[in-house]
Asks: 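Below is a structure I'd like to ask you about.
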There are 2 protein chains.
Amino acid sequence: MRPENNPAGRNPRSFIETARRAQIIASAIEVIAEHGFAGASLARIAKHAGISKGVISYHFTGKDELMKEVVSQVYADTVRYILASMEGQETATALLRTQIIAGARHMREHRAQIKALGEIFSNLRLPDGRPRYGVAASEELFQSLENIYRLGQQSGEFRPFDVRVMAVSHSAAVDNMFAYWSAHPEHDLEAHARELADLFEHAVGAKTRS
Amino acid sequence: MRPENNPAGRNPRSFIETARRAQIIASAIEVIAEHGFAGASLARIAKHAGISKGVISYHFTGKDELMKEVVSQVYADTVRYILASMEGQETATALLRTQIIAGARHMREHRAQIKALGEIFSNLRLPDGRPRYGVAASEELFQSLENIYRLGQQSGEFRPFDVRVMAVSHSAAVDNMFAYWSAHPEHDLEAHARELADLFEHAVGAKTRS
DNA sequence: TTAGCTTTTGACCATGCGGCCAGAAAATAA
DNA sequence: TTATTTTCTGGCCGCATGGTCAAAAGCTAA
């Protein structure tokens with residue numbers, strides 16, 4: 001008998017259940033980061049974790065739930081870290097710079113997680129074949145970036161421009177900073193982040209610092 | 001007996017051979033664009049083209065050759081079009097703007113091709129599991145973008161900045177312009193491209209046009 | 001110790017994959 | 001026409017996949 005899902009009712013997870021789920025999620029992240037989404041079979045994930053394949057089916061309803069769990073966990077971690085870094089920043093210029101630099105710092109410490117997140121985002125599909133997380137899934141991120149840009153425009157720090165295009169480009173540049181660093185590990189990620197912050201400060205027409 | 005490969009020696013392709021290869025490549029592009037790389041099986045590509053699966057094996061040595069053929073064909077088309085558009089432009093600022101706007105124009109007319117190219121680029125793997133086209137495959141593109149940026153710096157049009165970071169970000173912003181438009185077909189691609197050109201003109205510190 | 005519940009194993013299943021091939025069909029040459 | 005080569009079909013192969021299950025093992029409480 002497998003532990004039923006827990007929709008609001010009783011049924012707390014046992015100690016073993018909690019530990020196994022965490023272990024399996026961690027193993028999935030590592031395997032996806034190393035072999036890509038298509039190379040991450042349940043068999044490989046189980047072998048990497050040193051357990052039998054059936055254990056995954058026992059603790060998760062299917063591969064789909066496992067992938068969704070990886071996404072929500074890594075995504076929540078990332079958002080939490082970046083938002084915490086931005087706390088206390090006042091000007092839009094400072095928020096912009098912090099968003100980029102904190103993102104880079106987080107990438108540096110969680111390379112496999114971010115890699116896995118990207119793989120799942122661009123490869124996981126619904127049963128009917130449509131992407132589960134498409135560009136549409138970034139809507140929330142776009143809106144929070146737009147808030148920063150709109151703030152800067154209202155305060156007069158930034159020139160007028162289309163905030164949606166700026167947000168999409170910002171998000172793209174940060175994602176690709178990660179991809180580039182991922183392919184060139186000797187690349188200086190922090191320097192790239194600082195340069196990217198400069199790039200966007202100029203792009204928005206902010207008063208150049210110093 | 002299948003037509004042998006043609007390494008420098010005689011053996012021109014027959015009329016049928018040429019037509020079939022083109023048909024299969026076109027079918028592959030459409031299927032990949034619609035179902036994604038993982039959803040593009042030989043069976044589906046054949047069915048979409050209205051032919052038997054064996055025909056693909058007859059005209060191509062394998063799926064790998066078919067994918068490589070799609071890439072080299074679409075890639076060459078794209079590069080040719082953009083370079084032709086840039087011909088005659090003198091200033092780095094004009095080259096920069098043209099590169100972005102011509103890219104958008106080409107995307108608009110070749111949506112499926114560009115989509116398929118991206119899918120293959122990020123999913124096709126070598127037999128050992130490593131990506132066939134990684135970020136490393138963009139090196140050529142990065143260098144030609146860097147040439148534009150360096151030109152602008154030498155002419156005094158552009159401020160000093162790291163040309164590699166600028167090139168990577170530029171490439172990322174253009175790619176994501178496509179992805180965003182692909183997910184939101186009602187989005188105004190041309191307007192996005194103009195806005196993006198403005199963004200980078202400001203980013204490089206070019207004298208703002210009137 | 002014993003009984004009952006949870007967890008794990010490893011074999012098994014149906015499905016879809018890329019690739020292969022014998023023979024049919026079609027095009028071309030004699 | 002007939003003979004030869006090119007092209008195509010449809011079935012088959014071995015393999016990997018995600019998922020299932022009966023039985024074994026482990027754990028906890030009486």
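Proteins get letters first, then strands, A, B, ... in listed order; numbering begins at 1 in each.
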Asks: So, are Arg21(A) and Glu65(A) salt-bridged, with charged N and O less than 4.0 Å apart?
Replies: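 A salt bridge is present here (some side-chain N lies under 4.0 Å from a carboxylate O).
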Asks: Between dG19(C) atom P and Lys63(B) atom NZ, what is the distance in whole Å?
Replies: 8 Å
Asks: Does a side-chain N or O of His59(B) approach OP1 or OP2 of dC8(D) to a distance below 4.0 Å, or not?
Replies: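 True: His59(B) side-chain N/O within range (under 4.0 Å) of dC8(D) OP1/OP2.
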Asks: Counting just side-chain N and O atoms, does Tyr58(B) come under 4.0 Å of either OP1 or OP2 of dT7(D)?
Replies: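 So the side chain of Tyr58(B) is within the cut-off, an N or O lying under 4.0 Å from OP1 or OP2 of dT7(D).
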Asks: Closest approach to the side chain of Arg20(B), judged atom by atom: which nucleotide of dT20(D), dG11(D), dC8(D) is it?
Replies: dC8(D)
Asks: I need the CD1-P distance between Ile56(A) and dT7(C), as an integer number of Å.
Replies: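 Whole-Å distance recorded here is 16 Å.
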Asks: Identify which nucleotide among dT9(D), dT9(C), dG18(D) has an atom closest to any side-chain atom of Ile51(A), counting heavy atoms from C-beta outward.
Replies: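 From the listed options, dT9(C) comes nearest.
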Asks: Can you check the Lys47(B) NZ to dG18(C) C1' distance for me, whole Å?
Replies: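 In whole Å, dG18(C) C1' lies 18 Å from Lys47(B) NZ.
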Asks: Rounding to a whole Å, what distance do you find between Asp64(B):CG and dC17(C):C1'?
Replies: 15 Å
Asks: Out of dC17(C), dT7(D), dT9(C), which nucleotide sits closest to the side chain of Ser41(B)?
Replies: dC17(C)
Asks: Rounded to the Å, how far apart are Phe37(A) CZ and dT17(D) P?
Replies: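 So the two atoms are 13 Å apart, to the nearest Å.
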Asks: Taking only side-chain N and O atoms of Ser52(B), does any of them lie within less than 4.0 angstrom of OP1 or OP2 on dC8(D)?
Replies: no
Asks: Whole-Å distance between dG11(D) C1' and Leu42(B) CG?
Replies: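 Going from CG in Leu42(B) over to C1' in dG11(D) covers 16 Å.
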Asks: Taking Glu34(B) first and then Lys115(B), would you say they form a salt bridge - that is, a charged N and a carboxylate O separated by under 4.0 Å?
Replies: no
Asks: Specify the separation, in whole Å, of atom CZ of Arg125(B) and atom C1' of dG18(C).
Replies: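 My rounded result for the distance is 18 Å.
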Asks: Do the numbers put Arg164(A) on top of the ring of Phe142(A), so that NZ or CZ is under 6.0 Å from the six-membered ring centre and no more than 45° off the axis?
Replies: no
Asks: Between Arg44(A) and Gly54(A), name the one whose nearest nucleotide on DNA chain D is closer to the 5' end.
Replies: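 Looking at the nearest nucleotide for each, Arg44(A) comes out on the 5' side.
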Asks: Would you state whether a donor and an acceptor, one from the side chain of Lys53(B) and one from the base of dG10(D), lie under 3.5 Å apart?
Replies: no
Asks: Could you tell me the separation between the CZ atom of Phe60(A) and the P atom of dT20(D), rounded to a whole number of Å?
Replies: 15 Å
Asks: Does Tyr75(B) have Lys68(B) sitting over its ring (NZ/CZ under 6.0 Å from centre, angle to axis within 45°)?
Replies: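 No; the conditions do not both hold, so Lys68(B) does not lie above the ring face of Tyr75(B).
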Asks: Run the side chain to side chain contact (heavy atoms under 4.5 Å, CB included) test against Arg125(B) and tell me which residues pass, sequence neighbours left out.
Replies: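 Glu119(A), Pro131(B).
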